Amino acid sequence: MEAGGTVKHIAESGRTRVSANTKSSRIPNTGSGFRPAARVAGIGVSEILAIGVRARALMAAGQDIVLMGAGEPDFATPDAVKLAAHRAIDNDQTSYTPLIGEPNLIEAIRSKFSRDNAISYTPSEITAAAGAKQVIFNALLASLDSGDEVIVPAPYWSSYVDMVSVAGGVPVVVPCAERDGFRLTPQALDAALTSRTRWLLLNSPSNPTGTIYSTEDFRGIGEVLARHPQVWVISDEIYEHLTYDQRPHVSLISAMPLLKERTLVVNGVSKSHAMTGWRLGYGAGPEELISAMTVIQSQSTSAPSSISQAAAVEALIEVDPCLAERREVYEHRRNLVIDYLNEIEGLSCASPAGAFYAFVGCGGVLGKRTAYGESIKSDMDFCRYALEAHGVAVIPGAAFGMSPYFRLSFAASESQLRVGMERLQNAIAELSF
Ligand code: PLP
């Protein structure tokens with residue numbers, strides 16, 4: 001299996017370039033003689049991790065660092081959900097569960113889909129897993145043969161590309177320009193499709209841009225896919241509850257019902273209910289796909305934790321009022337960081353419509369020099385400089401397949417965000433040509 005080896009990049013001209021994965025390996029060479037499998041050796045150190053690790057090392061050494069790189073809510077899991085987990089422990093719900101999840105969780109997921117998205121699924125079309133990430137991983141492992149292609153619009157959540165590679169597929173990276181709101185256009189999709197394409201990976205609201213696809217956007221994509229019946233879709237809707245300016249979340253299937261027979265909708269409680277550590281995600285799609293995914297899951301984690309399943313039932317069965325309250329807090333924070341960003345010369349950012357990230361253009365600072373005479377040649381250079389010299393952690397766009405940008409997370413307290421934005425302001429004010 002040529003796993004972890006190649007990535008296919010589509011240029012804006014429509015031409016393709018196949019490259020080896022050039023990121024350095026995550027496996028340290030300590031001379032033990034251990035030989036990692038090719039599927040692991042090709043997977044690189046994530047820049048998200050690298051900045052986060054360095055930020056925490058600086059904090060451990062006593063430095064005052066503002067973390068604006070986090071991809072998780074800074075709220076607590078809602079009380080009702082925590083109580084449900086306590087009850088499950090007290091009632092000894094501690095045994096193995098069915099592979100796809102307990103029947104009451106499957107029912108809660110089905111009722112969530114009909115309530116929030118007006119989509120109806122049978123129980124055999126649903127699976128739970130240890131996070132949305134495992135749902136996607138199961139689907140890729142269950143479907144990809146060596147060399148099968150998966151279209152990944154960039155900027156993307158970095159794990160998509162690596163997961164496709166580990167599963168033996170070829171990620172086909174399609175750049176989505178800022179002038180198109182970082183959305184995949186039907187034309188770009190059309191140009192990227194080949195006879196080897198198995199999946200299109202869509203993510204709305206998006207990590208890292210906050211972009212939301214409208215019904216019209218999905219219809220344009222659906223029209224192209226109608227001519228390619230062999231292509232299936234993974235629609236990652238994990239940020240569904242985080243949309244701003246009263247914009248509704250549009251689920252791919254409600255916009256394009258015809259795609260239901262070849263779409264895996266992915267969701268979870270990590271972002272909506274501040275439950276990243278509970279590891280509970282779910283997927284809905286055609287029964288054959290779910291069955292194949294269950295085979296994969298049966299030989300890895302079996303099922304998600306029984307306690308997390310009980311907690312997720314509580315999270316999904318009714319809409320907790322705290323979700324709307326938190327959404328307002330995020331919107332307020334988003335406005336705050338965008339106001340700051342608009343004042344900083346050299347940076348640019350449109351107001352994100354969803355999720356809790358701003359994807360900030362930093363082309364205006366490239367070529368400048370720091371007070372120590374170092375040249376800023378890339379978004380990675382800028383992020384290192386912001387962290388080391390000004391104590392603020394943001395993630396380079398390179399980690400999401402698009403430069404020169406950085407991702408800033410506003411899942412942090414207002415006071416932290418103010419300090420962080422002022423540090424960014426100072427960092428840029430200190431640069432000179
Ligand atoms: N999908 C996207 C777009 C994400 O950003 C993340 C986490 O950052 C996930 C999926 C993973 O979610 P989970 O915690 O449910 O595995």
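Note that ligands are numbered from 1 as they come in the structure, with each ligand's atoms numbered from 1 the same way. Computed from a predicted structure; not experimentally measured. In this chain, numbering begins with 1 at the start of the sequence shown.
- A salt bridge does not link R326 to D320: none of the charged side-chain nitrogens sits closer than 4.0 Å to a carboxylate oxygen.
- Remark: ligand 1 and Q134 share no N or O pair separated by less than 3.5 Å (distance only, no angle test).
- Using a 4.0 Å cut-off to heavy atoms of N203, the atoms of ligand 1 that qualify are 3 (C).
- A centroid separation of less than 6.0 Å is found between the aromatic rings of Y405 and F182.
- At a 4.0 Å heavy-atom cut-off, ligand 1 touches Y160 through the side chain alone.
- Checking D217 against S214 by side-chain atom types alone, a donor-acceptor pair falls below 3.5 Å.
- Taking the six-membered ring wherever Trp is involved, the centroid distance between the rings of Y239 and Y357 falls below 6.0 Å.
- Applying the side-chain hydrogen bond (donor to acceptor under 3.5 Å, both in side chains) test between T243 and each of R327, H249, E331 identifies R327 as the sole match.
- The part of S270 lying near ligand 1 is the side chain, judged by heavy-atom distances below 4.0 Å.
- Atom 7 (C) of ligand 1 has as its closest protein heavy atom K271 NZ, 2.9 Å.
- For ligand 1, the polar-atom distance check finds no N/O of T276 at less than 3.5 Å from any of the ligand's N/O atoms.
- Looking only at protein heavy atoms, the nearest one to atom 11 (C) of ligand 1 is W157 CH2, 3.5 Å.
- Using a cutoff of 4.0 Å between basic side-chain nitrogens and carboxylate oxygens, R418 and E414 are scored as salt-bridged.
- No side-chain donor-acceptor contact under 3.5 Å links Q416 and D74.
- Heavy atoms of I238 come nearer than 4.0 angstrom to ligand 1 in at least one pair.
- Scanning the protein for heavy atoms near atom 15 (O) of ligand 1, the closest one is A132 N, 2.7 Å.
- Neither the backbone nor the side chain of E72 comes within contact range of ligand 1; no heavy atom lies under 4.0 Å.
- Taking the six-membered ring for Trp and the full ring otherwise, H390 and Y385 have centroids separated by under 6.0 Å.
- The single protein non-hydrogen atom nearest to atom 1 (N) of ligand 1 is D236 OD2, 2.6 Å, given as residue, atom name and distance.
- Interface atoms of ligand 1 facing G131, defined by a heavy-atom separation under 4.0 Å, are 15 (O), 16 (O).
- For atom 16 (O) of ligand 1, the closest non-hydrogen atom of the protein is R279 NH2, 2.8 Å.
- Looking at E237 and S251, their side chains do bring a donor and an acceptor atom within 3.5 Å of each other.
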